[in-house]
Amino acid sequence: MISIKSITIKEFRGIRDLTIDLNGKSFGICGPNGTGKSGVVDALEFALTGNISRLSGEGRGDISLKEHGAHVDRRNDPEKAVVAITADIPSLRKTVTVERTVKAPSAAKVTPADADVLDVLRKIAKRPEIVLSRRELIRYVLATPGKRAEEVQALLHIEDIDKVRGGLQKLANAYERQLPYVESVARDARDLLQRALNVSQLRSESILSASNVQREILGLPLLQELTDKTSLTDGLNAPIRALPQTIQKSQASADLVATRETLEASFNAEVTRRLPELLSAIQSLARNPLVKQGMRLESFLTVGIELALQEFCPFCDKPWNLDELRKHVQVKLQGLKDVSRQRQEISQKVAPMANVCRRLASQLTALLRHAALPKQAIPMPVVSGFSAELYKMADDLERQPSLEEITVLLGKLVIPADLNTDLDSFSKAVAELPDSSKQDAAKIWLTVAQERLENYRSSMRKLKIAREQANIARQIFDTYTHTNDAVLTALYDEVQKDFAALYAFINRSDEKDFKAKLTPSMGKLGFDVDFYGRGFFPPGAYHSEGHQDGMGLCLYLALMRHLHGEEFIAAILDDVLMSVDSGHRREVCSLLKKEFPNTQFIMTTHDPIWLRHMRTEGLIAARAALQFRKWNVDTGPTQWDERDVWSEIGECLDNNDVLSAAGLLRHYLEYTAAEICHHLRAPVEFRGDAQYQLGELMPSAISRLGRLYSRGKDAANSWGQKEVGEELLKREAQFARFAQATNVEQWQVNSAIHFNNWENLGKNDFTPVAKAFQDLLGAFSCAKCNQYLRVTPEREAIEALRCDCGQTNVNLKKK
Amino acid sequence: MTKTGEETTGAVSDVPRRVFTDFLDALVAKGIPTDIISRLRKTLLVDHRYSDKALKEAVFPETFDL
């Protein structure tokens, strides 16, 4: 997608002014802790994304990019904190510059600001995973399955997949949840219609038969078929509503009987009888403190016990007994499961109560309709109020209220004292009504039956729609889950194979048959790895920390390769392999070079050996590295730079600070002597800890170059190249003089460093020491390109002594 | 952009897009009404809206009350 050619950093984090030329190639940045390496990483991330992940996100508290992105001395001038990069976008064949300031991080100045360029930069800004630190790397490996799934999902940008899954599940549940309510309404409508028709079964024939009896009385044509459009009142001239006072006595009486039955049988017998027991169960459960903590506590305990791997508490550092702790937490988790089960049982008991409320409310409403018909309506205020209350209560109980809310709602579930008074008044009023004529009774019968038929038809239509919707919503969710699982399983399958192959490569000496399992399940991502053929275990179970670092890197690389494919062309790895030993780091270099030849890796490390491995394995070119030597708040990071070192030593001597001058010279020589030995393949007595002293390195380097000149001379003579031989003779002699000078003075360096006689050394004593070493180091370098001479090839028989620019090219092979 | 307005991507593996596309294809095979699939396609692949509300509007745009 993008490869970085150079970066310029000003007044940003710990850096005052720094430009690095990366030339679009892999690059190493090395330096002790606190010398500014991560500042460069932050700057790269900032330039690419407008953000610094170290200063944002979870657990960052009061730290922010806006407040703390600029150098501490520029915290009030965030416009001075500027990072600019020049980068190639190979897919567009364009070179772009991107400049951002901490003051306006999202307002990047892009040149050229072409639409396609901005599109690429937008995509990169959405993908901060281009920067990986060890902290992030280890999260993929050691996280709990749930957390790992989150981390990997974030890397793959698949959080949205889970979001959609959740949304579709809610939708399916919501439409299924409303079904019982719609079914209950339809059932009530059917009961009312059946009562109006006075039939035992609701069939077309029975409806037609009952209706035609009434129609025959009115002399209306008999209905032949019952369709969804058929009206039982078809042919009736005057709508019965225009005739008040006409309650259909038998119908009203039947409805009243049904209502009283429901009140007695369902409400009193069922609800009232079970209510105390249910309320007691709710109150008992509500008193359990686990109910309120609920899901959060369960989640906390589950994660906590998975992370409890040490013998002491990570909060207070007091020792604990891990076995006892685990047992204690298991008991709590079991308690939470019991609470969850009890809560479900209560919900199951509450649902029928809501249905009874709705049925009773529906029947009371039918009575109210009768009561409203006469010119002098029958007053039923208690029935009216109670009916409305029952509807509301049914609605409230169906929306899954809390335990406290259920208690309050059920507490109101009491039949009003005056309800029977209303019902008795209604009964009396109906009884006192004069009997209607046969014709009027038939008209009223047909009108009521038609109203209830319409109501039944409407409720059945709604039920049909509700069932269809519930079915579709469930099918959509099931289809999504199935598709999602299939895609993710295939994805993780590919990633796990790639991961295992990458890891096996860097550990091929003893884990060449390594395998891994990434198992997605219910929003979690299990991760188990093979341990030397003994079975699959979590990565942290048996593998060492160094192996875990390697796993984290390999999982990251596998995921990135899967995500970006050929477009995975840049990654910034911030000190990611600090626990990996040198042998495996060498293999990591080989892996990166072999498997990701088109990816620009920008890697930081505090270990110069690791940097050297990057070079020797060809991951980075000889000059594609930066070595920070120190940092201070005023100047920012300082690199090992020849000119700076000698002028800094000169400044120290001007101030008669011989101690500082000697220390600086000693440190610089340790650094350069190691570099020279490496370049010349000078033999040094092996040290397992790679901690070589100057006294071990420099004599070997001097001896090596002298012998190389001598060997070059012999080779030139064997080829009859007299002039070359003479030139080499001169170089050899000059080099010997410089070396001799340092031998004479070297004791003074040591004494100054070891503080033995430093007070005896003044500027005049130390100046020749510094000069001698400056001359000597110059003799190890090319006068033109200023790079240290090196032998080629890097392994096997030596053939030549060269420099980077080609000015020096000494053949070492005899004829 | 494609002719249906869907945003294209340079990434080799845009996992959400692959899931959504496979999902929509599977809905066609399941016989889910085409108007629902069409609205879901627009919501997921064009508008990139993934909220509960957006999904509800895509699946059943009419009110929840029947």
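Just the heavy atoms: all of them, side chains too, but no hydrogens, waters or symmetry mates, feed the values below. Lettering follows sequence order; numbering is per chain, from 1.
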Look only at the side chain of A:Arg165 and the backbone of A:Asn484, and say whether a donor-acceptor pair between them is shorter than 3.5 Å. no
Under 4.5 Å from any heavy atom of chain A - which part of B:Leu24: neither
Has the side chain of A:Thr479 got a donor or acceptor atom that lies under 3.5 Å from a matching backbone atom of A:Gln475? yes
Below 4.5 Å from any heavy atom of chain A, which atoms of B:Ile36 appear? Answer side chain, backbone, both or neither. side chain
Evaluate the ring planes of B:Phe60 and A:Tyr175, with Trp represented by its six-membered ring, and classify them as parallel (under 30°), tilted (30 to 60°) or perpendicular (over 60°). tilted
If one checks every heavy atom of B:Ile32 against chain A at 4.5 Å, the contacting part turns out to be side chain
Plane angle bin for A:Phe568 and A:Phe601 - parallel if under 30°, tilted between 30 and 60°, otherwise perpendicular: perpendicular
Please flag which part of A:Ala486 lies under 4.5 Å from any non-hydrogen atom of chain B: side chain, backbone, both or neither. neither
